[in-house]
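Report on one structure; see the data block that follows.
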Amino acid sequence: MIRGRGRQMETTERKTEVIATAVMGYGTIGSGVAEILEKNREEIIRKTGRELRLKYVLDLRDFPGSPVEDKVVHDLAVIVNDPDVRIVVETMGGVHPAYEFVRDCLLAGKHVATSNKALVAACGTELLQIAREKQVNFMFEASTGGGIPVIRTMYRCLSGEKLQEITGILNGTTNYILTKMDRFGETFESALKEAQDLGYAERNPEADVEGHDTCRKLAILTAMATGKEVDYQDIPTEGITAVTDVDFKYAEKLGKSIKLLGSSRIEDGRVTAFVAPVMIGPENPLYSVSDVYNGIVIKGNMLGVSMLYGSGAGKLPTASAVVADMIEAAQFMDENIPLGWTDEKQSVEALDQAVFRYFVRIGESGENAVRQAESQMGPGESVKIDGMAEFAFLTGPMTETEFNRRKAALESQLGGKGTILQVIRAE
Ligand code: HSE
């Protein structure tokens, strides 16, 4: 009996096929992928019946003394021309030369898994097309939401839905910064420094704090939801650099917080999308998404609302999503998995008719100014903080066009520009 089982195990071991893989870019995420392939080797074999063995690491640098020391190559051709390599990971970041490297790997008939949202947002349509032609897969689970399985959820679990809305906290760095400002009254700069030290921030923090990273992720999710190419440059985008500790003091008084949201609404084939800081209250499930965590609320016509939550950045959560793509590629070695993202173009409507409430700070404190704000802005709530020569007003819901008209009227009544210190969209 025992001998019999031993023989069976030997047979299983003999049958384990080795798939050679390569990682392009041995930075935070790339080294995380190498680590997971090693640490979860048995787990991966159990799930795929195949061993995903790292054969090459492509990087400009050498890594003497590291576990991949003997795998480092500096020439892409080594990977492209090695028929043993079936799955390639791209964790270099940026669009060039990542695009050229990924394209060459796909053209050579290799599956590619990437964590690079800039690449997917800029070149996803074309790379998916090449993958279809070559009957391989271009996969990008890790590009959006870090370790949160949102892409696969969209093309597998929600494939029976007509998606109506995606609203998310999609950037860990800015969520970390805003959380520190909210809870501890920290300055923007010190919170950003902490986020960078923890490895959350992009090399250039502008991509995070100006909302560009969220914008690209939102474009990817909107393309997945509509099945059409969404140009990230069409999405109106504001970052968090203008949000101050004073805004958080008012938010606290109003029982709200400020979060950087990326949101797309899809109605009758029309898409309205934006990235901006929004003042939200505890009734919104994203209110309690703090620190580096991400949350994504998805609304479908049958499902209603569902929320995904988890680690949106960081080495191992993101690398884990890349490895999940590699596993899916290993399970569908000879076929292309349709993700539903075609090369048809999706236009994005202007925000003029989108409805929000607005948090407005006014740099005057007299009763007259409060009365003027109330009469110009319509029904709402005014808030004062002791000792400050200013006040804030939270309007009722109105379109952007309507708000801008009322704001201009209030400014001229108050005596010109400069009297409105801050405007943040609100719920
Ligand atoms: N800088 C990004 C973030 C990394 O903070 O969310 C993950 O995409």
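Counting starts at 1 for both ligands and their atoms, following the listed order.
The atoms of ligand 1 that sit less than 4.0 Å from any heavy atom of A313 are 3 (C), 4 (C), 6 (O), 7 (C). Within ligand 1, the atoms closer than 4.0 Å to a non-hydrogen atom of D208 are 1 (N), 2 (C), 3 (C), 5 (O), numbered from 1 in the order shown. Every atom of ligand 1 is numbered from 1 in the order shown, and the set under 4.0 Å from a heavy atom of T173 is 1 (N), 3 (C), 5 (O).
Using a 30° and 60° split on the angle between ring planes, F138 and F140 fall in the tilted class, from 30° to 60°. Using cut-offs of 30° and 60° on the angle between ring planes, the pair Y358 and F403 is parallel.
Side-chain rings of F359 and Y250 approach one another, their centers coming within less than 6.0 Å.
Using modelled atom types and a 3.5 Å distance limit, the side chains of D247 and T244 yield a donor-acceptor pair.
With rounding to the nearest 0.5 Å, the separation of CD1 in I296 from CD1 in I166 is 9.0 Å.
Comparing heavy-atom distances from atom 7 (C) of ligand 1 across G146, G172, G312 singles out G312 as nearest.
Of the polar atoms of S143, none of the N or O atoms is found under 3.5 Å from an N or O of ligand 1, judged by distance alone.
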